[in-house]
**Q** 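Quick one: structure below, then a few questions.
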Amino acid sequence: MISVEKALETVLNSSRDFGIEEVPFIKSVGRILKEKILADRDFPPFNRVSMDGITIDYTSFKNGQRAFKIEGIQAAGSEQISLNNSETCIEVMTGAVLPNNANIVIRYEDVTIKNGIATISVDVINDAQNVHAKGKDGKVGDLLIEENTKIYAAEIGVLATVGKSFVKVAKQPKVMIVSTGDELVGVDEIPQAHQIRRSNVFTLVSLLERLNIPSETAHITDDKPVLKSKIENYLQEYDVLLFSGAVSKGKYDFLPEVFDELGVEKLFHKITQRPGKPFFYGKTDECNVFGFPGNPISTFVNCLAYFYPWYYKSVGLEVEQETAILSDDVIFKPNLTYFLQVKLNSVLGDLIATPITGNGSGDLASLVKTDAFIQLPNDKVEFKKGEVYKVIRYR
Ligand SMILES: Nc1nc2c(c(=O)[nH]1)N[C@H]1C(S)=C(S)[C@@H](COP(=O)(O)OP(=O)(O)OC[C@H]3O[C@@H](n4cnc5c(N)ncnc54)[C@H](O)[C@@H]3O)O[C@H]1N2
Ligand code: MOO
Ligand SMILES: [Mg+2]
């Protein structure tokens with residue numbers, strides 16, 4: 001049996017590089033960027049008109065001129081024209097290139113136009129007003145997005161702007177999720193009195209979807225030869241196997257011995273924690289094997305506490321650790337790290353964790369009422385209101 005800290009360290013030390021692939025940028029949401037994104041031109045790329053109105057030479061205004069004959073129109077998307085005379089003006093539209101020889105834009109709201117003459121109705125205007133200067137937001141070659149950034153909508157906009165129609169991202173691992181157990185039936189089935197519907201595979205699929213990792217699923221009954229032959233194939237075909245169930249001390253908990261017989265190197269089995277104690281973790285040269293204990297909350301918390309960090313490390317993503325303040329005193333006597341379910345609330349900038357105790361690791365319905373697990377270390381028995389601990393959030 002090993003500590004939570006040692007287990008996490010072991011898991012992180014066995015992270016894997018799945019390589020890099022190029023995908024259409026619009027398909028890259030949620031993926032981890034594996035190249036630097038640089039500005040391909042200045043931002044904005046030209047002196048951009050930022051208000052609809054007229055443009056003039058500011059010197060004329062300073063010299064007292066207020067009425068300007070309109071000599072043309074500069075629309076967005078048209079090539080740059082020139083102001084040919086410092087005593088005339090050009091109508092300009094938001095998004096247009098500022099015409100040559102002009103340097104200031106006066107909004108239509110501040111101008112009266114009659115018989116082709118625009119008369120400025122305000123007395124004060126500022127040098128270069130309503131012009132978004134070329135290169136003001138960034139220069140060509142500037143770093144716009146760092147490598148190893150998770151791509152969201154904001155990044156998609158930048159990728160589109162710099163013409164990155166294909167982008168390099170971390171390859172996702174190929175994952176198989178396996179549930180075990182004779183008592184489990186499908187979601188569409190009516191369970192008999194001694195059966196239940198399987199749920200853990202689907203929670204795992206969803207937890208992986210949150211990381212944009214596609215997965216396949218299978219169910220295997222508690223039949224050792226069948227388990228062995230199927231798992232032998234999965235070990236060849238997948239980068240990661242996630243199991244739920246069959247890792248504890250029961251007569252039909254065959255997985256640890258099957259893994260051993262198939263040459264899976266055991267990195268640990270059993271952690272000093274609750275829930276999720278009988279977690280088995282191992283690997284072959286090509287595959288990492290997470291044997292989560294079958295109780296639903298054990299599977300759930302171990303996926304968050306170990307698989308998630310393993311994945312983040314594998315794809316090069318830095319994740320900030322989050323902490324929260326306990327709202328109430330908690331007493332937990334066993335010499336185990338306690339992953340206690342909590343509801344999270346922000347109060348005046350502080351994150352407050354309110355414990356909500358369910359009925360143990362089989363009480364999957366209690367997960368619906370909470371947002372996270374607060375991690376209470378095993379070196380204490382009394383945890384006081386106001387103390388700060390690590391939290392692992394799932395919403
Ligand atoms: N003698 C001991 N017995 C147990 C110990 C122990 O230390 N000594 N540990 C307990 C703890 S803690 C846990 S957690 C469980 C882990 O059990 P297994 O990993 O062997 O899982 P199973 O026996 O297959 O199932 C346990 C429980 O979970 C339900 N289950 C399993 N898979 C699913 C699924 N896909 N969807 C929903 N529910 C599932 C299953 O029906 C059982 O009720 O062992 C304790 N025993
Ligand atoms: O350690 Mo088990 O996960 O409590 O039920
Ligand atoms: Mg069991």
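Just so you know, these numbers come straight off a predicted model, no measurement behind them. Both counts, for ligands and for their atoms, begin at 1 and track the order of listing. In what follows, every heavy atom counts, from backbone to side chain, and hydrogens, waters and symmetry copies are set aside.
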**Q** Any ion pair linking K385 and D328 (charged N to carboxylate O, less than 4.0 Å)?
**A**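 Judged by the 4.0 Å cut-off on N to carboxylate O distance, D328 and K385 do not form a salt bridge.
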**Q** Show the atoms of ligand 2 that are less than 4.0 angstrom away from any heavy atom in P278.
**A**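 Answer for ligand 2: 1 (O).
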**Q** Within a distance under 4.0 Å of any heavy atom of R198, pick out the atoms of ligand 1 and give their elements.
**A**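 Here the atoms of ligand 1 in question are 35 (N), 36 (N).
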**Q** Whether K384 and E382 form a salt bridge (side-chain N of Lys/Arg under 4.0 Å from carboxylate O of Asp/Glu) is what I want to check.
**A**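 Yes, charged N to carboxylate O under 4.0 Å.
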**Q** Contact between A246 and ligand 1, counting heavy atoms under 4.0 Å?
**A**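 The answer is yes: ligand 1 sits under 4.0 Å from a heavy atom of A246.
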**Q** So is G250 touching ligand 1 or not, going by heavy atoms under 4.0 Å?
**A**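 No, that is not the case, since the closest heavy atom of the residue is not under 4.0 Å from the ligand.
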**Q** Mind checking whether L184 contacts ligand 1 via backbone (N, CA, C, O), side chain (CB onward), both or neither, at a 4.0 Å heavy-atom cut-off?
**A**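 The answer is the side chain of L184.
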**Q** Is it true that a side-chain atom of K34 and a backbone atom of V315 form a donor plus acceptor pair closer than 3.5 Å?
**A**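 Yes, the answer is positive, given that a donor and an acceptor are paired below the 3.5 Å cut-off.
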**Q** Closest by any non-hydrogen atom to atom 39 (C) of ligand 1: pick that one out of G294, P296, G362.
**A**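 It is G294 that holds the nearest heavy atom.
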**Q** Regarding atom 2 (C) of ligand 1: of the candidates K270, K249, K277, which has the closest heavy atom?
**A**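 When every heavy atom of K270, K249, K277 is considered, K249 comes closest to atom 2 (C) of ligand 1.
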**Q** Checking side chain to side chain contact (heavy atoms under 4.5 Å, CB included) against R48, which of V97, T94, V131, L98 comes through?
**A**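 Of V97, T94, V131, L98, side chain to side chain contact (heavy atoms under 4.5 Å, CB included) with R48 is met by T94 alone.
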**Q** Can you check whether P309 reaches L8 side chain to side chain, under 4.5 Å on heavy atoms?
**A**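 In short, these two side chains touch, coming nearer than 4.5 Å.
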**Q** Under 4.0 Å from any heavy atom of P275, which atoms of ligand 2 are there?
**A**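 Contacts of ligand 2 toward P275, numbered from 1: 1 (O), 3 (O), 4 (O).
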**Q** With atoms numbered from 1 as shown, which atoms in ligand 1 lie under 4.0 angstrom from a non-hydrogen atom of I196?
**A**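 Numbered from 1, ligand 1 contributes 38 (N), 41 (O).
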**Q** Any salt bridge linking K139 with D142? Criterion: basic side-chain nitrogen under 4.0 Å from a carboxylate oxygen.
**A**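 No salt bridge links K139 with D142.
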**Q** Looking only at distances, please establish whether an N/O atom of ligand 2 is found under 3.5 Å from an N/O atom of Q273.
**A**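 No: no nitrogen or oxygen of Q273 is under 3.5 Å from one in ligand 2.
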**Q** More than 12 non-hydrogen atoms from neighbouring residues, nucleotides or ligands closer than 6.0 Å to NZ on K380, yes or no?
**A**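 Counting other residues, nucleotides and ligands, NZ of K380 exceeds 12 neighbours.
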**Q** Looking at atom 12 (S) of ligand 1, what's its closest protein heavy atom, distance included?
**A**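 Scanning the protein heavy atoms, the shortest distance from atom 12 (S) of ligand 1 goes to P278 CD, 3.9 Å.
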**Q** Only heavy atoms of S179, strictly under 4.0 Å: list the atoms of ligand 1 that pass.
**A**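 Matching atoms, with element in brackets: 35 (N).
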**Q** Pairs of nitrogen or oxygen atoms closer than 3.5 Å, one from F292 and one from ligand 1: do any exist?
**A**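 No, no N or O pair falls under 3.5 Å.
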**Q** Pull out every atom of ligand 2 sitting under 4.0 Å from any heavy atom of N295, numbered as shown with elements.
**A**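 Listed by number with element, the hits are 5 (O).
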**Q** Just wondering, do Q195 and E189 contact through their side chains at under 4.5 Å, heavy atoms?
**A**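 Heavy-atom side-chain distance check fails, nothing below 4.5 Å.
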**Q** I'd like to check whether S248 has a polar contact with ligand 1, where a contact means an N/O of the residue lying under 3.5 Å from an N/O of the ligand.
**A**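 S248 vs ligand 1: N/O contact under 3.5 Å present.
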**Q** Can we say R31 and E155 salt-bridge, meaning some charged N sits less than 4.0 Å from an Asp/Glu carboxylate O?
**A**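 A salt bridge is absent here (no side-chain N lies under 4.0 Å from a carboxylate O).
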**Q** Report yes if some N/O of N295 lies less than 3.5 Å from some N/O of ligand 1; otherwise report no.
**A**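 Yes - when backbone and side-chain N and O of N295 are compared with those of ligand 1, one distance drops under 3.5 Å.
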**Q** With heavy atoms of D253 as the reference, note each atom of ligand 1 found under 4.0 Å away.
**A**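 Here the atoms of ligand 1 in question are 20 (O), 23 (O).
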**Q** Can you report which non-hydrogen protein atom sits closest to atom 5 (O) of ligand 2, along with the distance?
**A**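 Ranking protein heavy atoms by distance from atom 5 (O) of ligand 2, first comes S361 OG, 2.1 Å.
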**Q** Please check if the number of heavy atoms outside Y312 that lie under 6.0 Å from its OH is greater than 12.
**A**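 Enclosed: over 12 neighbouring heavy atoms sit under 6.0 Å from OH of Y312.
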**Q** At under 4.0 Å between heavy atoms, which part of P293 makes contact with ligand 1: side chain, backbone, both or neither?
**A**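 The answer is both, backbone and side chain.
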**Q** Is there side-chain contact between I104 and I56, with at least one heavy-atom pair below 4.5 Å?
**A**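 Touching, per the 4.5 Å side-chain cut-off.
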**Q** Should we count NZ of K27 as having more than 12 external heavy atoms under 6.0 Å?
**A**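 No, not enclosed.
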**Q** Before we go on, tell me: are the rings of Y306 and F290 under 6.0 Å apart, centre to centre?
**A**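 When the ring centroids of Y306 and F290 are compared, they turn out to be at least 6.0 Å apart.
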**Q** Would F279 and F268 count as a close aromatic pair, with their ring centres under 6.0 Å?
**A**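 Ring centres of F268 and F279 closer than 6.0 Å.
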**Q** Could you list the atoms of ligand 1 found under 4.0 angstrom from a heavy atom of S298?
**A**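 Close to S298: 14 (S).
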**Q** For K277 and ligand 2, does the shortest N/O to N/O distance drop below 3.5 Å?
**A**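 Between K277 and ligand 2, an N or O pair is found under 3.5 Å apart.
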**Q** Measuring from non-hydrogen atoms of P293 to any atom of ligand 2, is the shortest distance under 4.0 Å?
**A**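 So P293 does not count as touching ligand 2.
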**Q** Which heavy atom of the protein is the closest neighbour of atom 3 (O) of ligand 2, given with residue, atom name and distance?
**A**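 Of every protein heavy atom, S298 OG, 2.2 Å lies nearest to atom 3 (O) of ligand 2.
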**Q** Just which atoms of ligand 1 are under 4.0 Å from any heavy atom in E183?
**A**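 So the answer, numbered in order with elements, is 40 (C), 41 (O), 42 (C).
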**Q** Any non-hydrogen side-chain atom of V49 less than 4.5 Å from a side-chain atom of T55?
**A**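 Result no, sub-4.5 Å side-chain heavy-atom pair not found.
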**Q** Measure centre to centre between the rings of F259 and F243, then say whether the value is under 6.0 Å.
**A**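 So the answer is yes for these two rings.
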**Q** Assess S244 for proximity to ligand 1: is some non-hydrogen atom of it under 4.0 Å away?
**A**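 Yes, S244 has a heavy atom closer than 4.0 Å to ligand 1.
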**Q** Applying a strict 4.0 Å limit to heavy atoms, is S199 in contact with ligand 1?
**A**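 For ligand 1, residue contact (heavy atoms, under 4.0 Å) with S199 is present.
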**Q** Counting only nitrogen or oxygen atoms and a 3.5 angstrom limit, does N200 reach ligand 1?
**A**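 Yes, since at least one N or O of N200 sits under 3.5 Å from an N or O of ligand 1.
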